Every structure is written in structure tokens, then in C-alpha cells.
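Letters go in sequence order (proteins before strands), and every chain restarts at 1. None of these values were measured; they are calculated from a predicted model.
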Amino acid sequence: MILRNIPLINVFGFIAAVLFSSGLLAQEIDFSGDWRPLYHEDLPERIPGPHLADYSGMPINDAARLRGDSYNPNRISVVSEYICRQHGGDYSMRGAADLRIDRVVDPQTQQPIAFKTRIGFMGMQRTIWLNNPERPADIAPHTFPGFSTGSFDGNMLNILTTDFKESYLRRNGLAASSERTTTEHWVMHGDYLTVVTVIDDPIFMTEPMVRSQTWVKDVSARQAPSSCQVIQELPVNALGQIVPHFLPDQNPWLMEFAERYRLPYSGTRGGIETMYPEYMDTMEAPVGDAEFCIEECM
Amino acid sequence: MFKPQFLMSCLMKSCCFFLLFGGFATAAEMGQELNLFHVKGQVYVVDGAGVNITVQIGEEAIVFVDTPDPEYIDEMMSLIREISNSPVRYVITTALDPIHLASNDIMNNMGFRGFGGRGAGVAVAIGGNTSGVTLLAHENVLNRFYLTENDVESLTLTTTYFTPTFDFYMNDEGIAVYHMPNAHTDGDSIIFFRSSDVISLGDLLVQGQFPDIDISKGGSVNGFIEALNFTLELMIPGVNAEGGTYAVPGHGRIGDEIDVVEYRNMLVIVRDRIQYQIEQGMSLNQVLASNPTLDYNTEYGGTRGGPSSTEFITAIYQSLLEGME
């Protein structure tokens, strides 16, 4: 028999090489490529942008609610430091921009050690480490993308991200603290990539929040270069504020969303008490004029 | 199936691991383990001493911003001596707080200082004393120490400045010390390491804590905001508001421009609320009852030290009343 003349270790080596080269032993999925976002999920929030004071479906606490109520959209024009501010790593996955994923391999072992992502908006970049590096020191600066480590569970990539900068949970003034953590689950179905994100924010939430986003692969997609120049748009707002905000109980727009879509006002205020079926037992009557609901109405 | 002997072995190893590393964790939690964290350029931070000690380390000298409790001095210097044998030349005090200048007298014996003025060379030539480091602070730190009751038992300084700025060149880098009048106190200094692009802010930035506006030492809410606005003028962010100039806080993690912005914004918004309430004729108790820091309490008023929300609101209220007088 031919195998009798071949050292056993060479046989095993050959089999291992075949398996490794075909990826049969390595379960890791390669998410590399250019991806276009699909907006069938949460389109009103993601594309035109959320309404002011729409906190529906958000497990927020009182602190987050008052942050949102105080938010004046003039802030991003007056506070010049916000002009080139990128999204947080969690929110960036919901933006109106393409996603590119590059796989990084160790040149010695040829094993994947990271995925690097780039989002078209602001050219935001993020690294998802697969080689289990140490997390940053407590005193290290936080970043907008945060610090991400990933590991595979079968075909699913699970990602833990910490060390975020303060950012927003929703672009209407709902804040996301620098102490939040996220757990993402990346799954690929053919040409579709689904990312489920669980956000846990002890500062602004009373329980974790789950969101999901989907992309479709586009081999022809190419991202444009990105640069942002800070230019002061307004020195102060009409009230002379260097940080535009509404005083408590003086935001004139709190009812607008509920009235526009004829919703119970309490339901637009968010919080877990409004997120589960039991809320229907205590839900008050809708506010506003039904005739006024002219867009995105059921 | 695993054999019982194997499971017992694992259990024993787990216990040993827990005992061994549990001990380390306890030491760290007690703040007994220092770390030397490289910020940028020639600037480092000694972390773990209860207060952030900013250190510029170069071939020419070592410059400190603030000093820790004496119990940390040996460990701190051991960490620094692992990367530099340069002499200590400057210790800059950011404010008259016990926790920021606790070891000035000890540090005074660790290096040598220069002489000021045009006669400096002559003074050295005729045998002037060059032992000790330059212990620098704004003049108001000294004035407060002698003129008011305070909680600082002793104060060791060799040099004070009364001008808006004090600058010098060390380790091939310009170092600018700016006086921030009437902020945390009336003797606050921030230190800008220009080539390294790092600003040490002392207690004008404390991540995760409300600002300590010490009215008894000349602090004020509006001065605090002006100090942060001035700091923001100095800072240049990196791409997409990430990195660029770094800010070393008195306590807590290092930040960049956007961290200072968020801190300033919080202070401005709470100030505006209380200002409005004062204009409506509300008493301090009424203001406290209205909870004007509700949206910031979970982020800044937790259990990480610093002023409580009540102390913070009270300081702003009193500061604004004083400003109206």
C-alpha cells in the first residue's frame, strides 16, 4: 500500500493543510466586502431622522428623558465641536451610509486577527479584534467607536464593545453614555448581513435595548473619501446660548410627535412601562387631530 | 466523561487562581497599585494614587503637575525611573487642595531648580542654593493659604506667578501655565505641553463627577465655564472629533476635546436652569427640591466621589447670587 511508505506525520500534515486551506476547520466567517444598508427597519428614524421628543420604544430612565427634553437642535450648529463629530460605534451601524469590512490576518499564521470597518458617513473606522487583546486601561481615553473584541459561535460573530465616548441613542437628544456597553451578533445569510445590537447603558437605561440592521453585499460599491472641516455656523442661538437647550417644562415641541401621529402622549415618552403589552391596560387616549397625520401613518 | 480526579484538580486550580489573583484585585481596588500611562509625546500620567499626576519626561528633566499622597511617592518614582534618570526640575500645583500638593515637600528634595531674573547666573556663581525643585503655583494659592482658613496643613512652594501666564521651555518643549481665575478656586492653573499636545487641567475636569466649585476659595460657576471655554480654544481635535489635543483631568480617565465639551455643556445647562430659577425668585431649598441636575445625577453624581448633586447645586446657586451682588 502506498501509505506504508509515507511517514504518518506527513499524512496528518497533508490532511490538516487541506482542511485549513478550505476553511473546513476554521469556523470563522469572512465578512469582508462592501455592503449597502437596507432601510426596511426603522426607516423614519434612520433616514429623515427622528422627531423631537419621540422616545417611543426606548427603555430610558428619567435622566435620559430630561436630557432629551432639554435638547435644542440648534446645538449642533452652535457648538462647533459637534460639527465634525462622528457617530458612536453602535449608532454608526444605523446610519445612511455604506459599510466596508476588511479582514486583517496575521502575516505569520495567516489567521484572522481583526475585522476593520469603515462607514461612509465621516469615514468612521472601527476595529473588531479577534485575537483577544487586553482591554484598555481605566484611565485610557474613550473613543467614538469604542473598543471591540469578537469571537465566533458557530457562524455567528459575537462582539463586545466598551470604552465608548458619550454619544446619542437617538438623534433627537437622547444620550448614550460613555459607560454603555454593546453586544453585537453578526450573521450572514448569503448576500445579506444582519447585525443585532444589544445596548446596555446603566446611566440612561433601565434595561438593555435591542436593535437590528441589515445590509446587502454590493461588489460594485466603492466609498468616497471623507473629510470634515469645522466651521462655526452660529456663535450663539436666538436666546444667546452658547449651548442651546430648553429649560425644563419649556420645550414647545414635546407634544408634536404624539399629536402628529395621534398617539397616547405617555407612549412617546419611552420607558419600559410603555414597552410591553400590559401598557395597553393603562394607555390613555391619543392626542391630536387624526386629520393631521399626513405621513408614515398606519 | 471527566474523571472525578480531573474535576477535583480543576477545582483546586480554580481556588488557587482565585486566591492568587483575587489578592491582586483587592490591592488595585484599594488604590495601591500605580500605573504609568503614556498619553502622548513626552507626557505620561501616574494613575492609581487617587489623583492623576501628569508627568513630562524628557532627557533634560522631569516635570510634575501635582503630587500624590506621600505613601505613593516611592512607587511612583520607581515607575518613572524605569524609563528615565533625568532630574526632577518642576512641580506645578494646579490648585490649593490637599490631594493635589500632598508631597510637595518631599518632591522638593529630589532635584534642582534654576534662579529667576537676570542675576541668575551670578547667584549660582556666588554659591546660591540650587538644591530642591521649582515648586510653582499661582500666587493666589499662596495668598489663600496664608489669608484664609483652609484644609491644607502645610504648603511648600518656591515660586509663584501673578501674571495671566507663566511659561518655560523644558525637554525641547514649550510649557505654558495659564491662570484660570475664579474657577474651581481663584488660584487654578492649567498646564499646556505644547509639542506633546496635552493639557493638564487639574480639577477643572473630573470625569464622572460634578465640578467642585469651591466658593470659599474664590471659585465661581461662571469662572469655571470661562476656564473650560478657554481650554477648548487651546484644543484642536483630531479627525472626526477624535483624539488631537488630550486633556488630563484631576481624576478619572483622560479625555479629548469632546469630553471637555460635554463637561462644559453640562455646567452651562445646569447654570442656566438655576439662573432662571433665581430670576423667578426661588429660594435655594426650592431650587434643590426641583432637582435641576436630574438628567446629570446618574452620570456625575454617583458614588465615584466629588460633590453631591446638592453640593453642586448649592455652589452654583451661591455663586450666581454672589455675582448678582
Side-chain angles (χ1 to χ4, degrees), chain A residues 61-72 75 78-87 92 119 121-125 136-145 163 165-167 173 175 177-179 201-205 226-228 230 239-250, chain B residues 28 35-40 45-48 52 207-208 225 229 232 235-243 246-249 251-273 275-277 280 290-302:
Chain A
N61 60 15
D62 290 340
R65 195 173 291 109
L66 181 55
R67 273 297 173 103
D69 290 352
S70 302
Y71 179 71
N72 183 327
R75 195 178 299 173
V78 172
V79 178
S80 60
E81 292 85 0
Y82 284 153
I83 289 172
C84 290
R85 179 180 54 160
Q86 56 188 296
H87 294 322
S92 71
I119 298 276
F121 175 72
M122 295 276 201
M124 295 178 298
Q125 298 184 52
D138 288 344
I139 198 171
H142 285 198
T143 63
F144 285 106
D163 297 84
K165 270 203 177 92
E166 184 162 329
S167 181
S177 83
S178 59
E179 295 184 31
D201 190 338
I203 302 296
F204 292 122
M205 289 183 184
S226 176
S227 63
C228 179
V230 175
L239 299 173
Q241 296 172 319
I242 60 169
V243 184
H245 64 97
F246 292 110
L247 292 168
D249 303 322
Q250 294 192 18
Chain B
N35 296 295
L36 187 62
F37 184 86
H38 182 221
V39 183
K40 195 175 179 185
V45 171
V46 178
D47 168 40
N52 289 335
Q207 302 269 31
I225 291 169
N229 284 338
L232 289 171
M235 302 183 82
I236 300 176
V239 174
N240 293 345
E242 192 89 89
Y246 280 110
V248 178
H251 309 264
R253 68 181 157 78
I254 295 158
D256 60 18
E257 186 192 55
I258 212 75
D259 291 287
V260 180
V261 166
E262 300 295 353
Y263 205 62
R264 187 277 311 267
N265 290 358
M266 175 268 293
L267 195 49
V268 167
I269 289 170
V270 175
R271 186 272 314 265
D272 288 355
R273 289 173 182 171
Q275 177 75 52
Y276 176 77
Q277 292 175 315
Q280 299 304 304
S290 73
N291 200 359
T293 56
L294 169 65
D295 46 346
Y296 295 103
N297 287 343
T298 51
E299 186 170 7
Y300 297 101

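Contact annotation for L294(B): both backbone and side-chain heavy atoms come within less than 4.5 Å of a heavy atom of chain A. Neither the backbone nor the side chain of N35(B) comes within less than 4.5 Å of any heavy atom of chain A. Both the backbone and the side chain of D272(B) come within less than 4.5 Å of a heavy atom of chain A. For A140(A), the parts lying near chain B are the backbone and the side chain together; criterion is any non-hydrogen pair under 4.5 Å. Contact of V248(B) with chain A is not made at all, since no heavy-atom distance falls under 4.5 Å. With a 4.5 Å cut-off on non-hydrogen atoms, Y296(B) touches chain A through its backbone and its side chain both. Only the side chain of E257(B) comes within less than 4.5 Å of a heavy atom in chain A; its backbone stays farther off. Only the side chain of R75(A) comes within less than 4.5 Å of a heavy atom in chain B; its backbone stays farther off. Both the backbone and the side chain of H142(A) come within contact range of chain B, judged by heavy atoms closer than 4.5 Å. Contact of P145(A) with chain B is made through backbone and side chain together, with heavy-atom distances under 4.5 Å.
Comparing Q250(A), Q86(A), R85(A) by how many heavy-atom pairs each has under 4.5 Å with chain B, the most go to Q86(A). Note on D138(A), T143(A), V230(A): by heavy-atom pairs under 4.5 Å with chain B, the leading option is T143(A). Contact tally against chain A (heavy-atom pairs below 4.5 Å) for V268(B), I254(B), V239(B), N52(B): the top residue is I254(B).
Among E299(B), E262(B), R253(B), the single residue meeting the side chain to side chain donor-acceptor pair (under 3.5 Å) criterion with S178(A) is R253(B). Checked against T298(B) for a side-chain contact (heavy atoms from CB on, under 4.5 Å), the options D62(A), D201(A), I203(A) give a single hit: I203(A).
Other residues, nucleotides and ligands contribute more than 12 heavy atoms inside 6.0 Å of the CG atom of L239(A).
Atom CD1 of I242(A) is separated from atom CD1 of I225(B) by 6.5 Å, given to the nearest 0.5 angstrom. The distance from atom CZ of R273(B) to atom CG of L66(A), rounded to the nearest 0.5 Å, is 4.5 Å. For the atom pair CG (D256(B)) and CZ (F144(A)), the distance works out to 7.0 Å, reported to the nearest 0.5 Å.
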- Working for side-chain contact (heavy atoms from CB on, under 4.5 Å), residues N265(B) and E166(A): CA-CA 12 Å; N265(B) 290 358; E166(A) 184 162 329; over 6 Å; no
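Side chain of N240(B) to backbone of M122(A): a donor-acceptor contact under 3.5 angstrom is found.
Nearest heavy atom pair, residue K165(A) against residue D259(B), reads CE-OD2, 3.7 Å.
Within the 4.5 Å cutoff, the side chain of R264(B) has heavy atoms near those of the V79(A) side chain.
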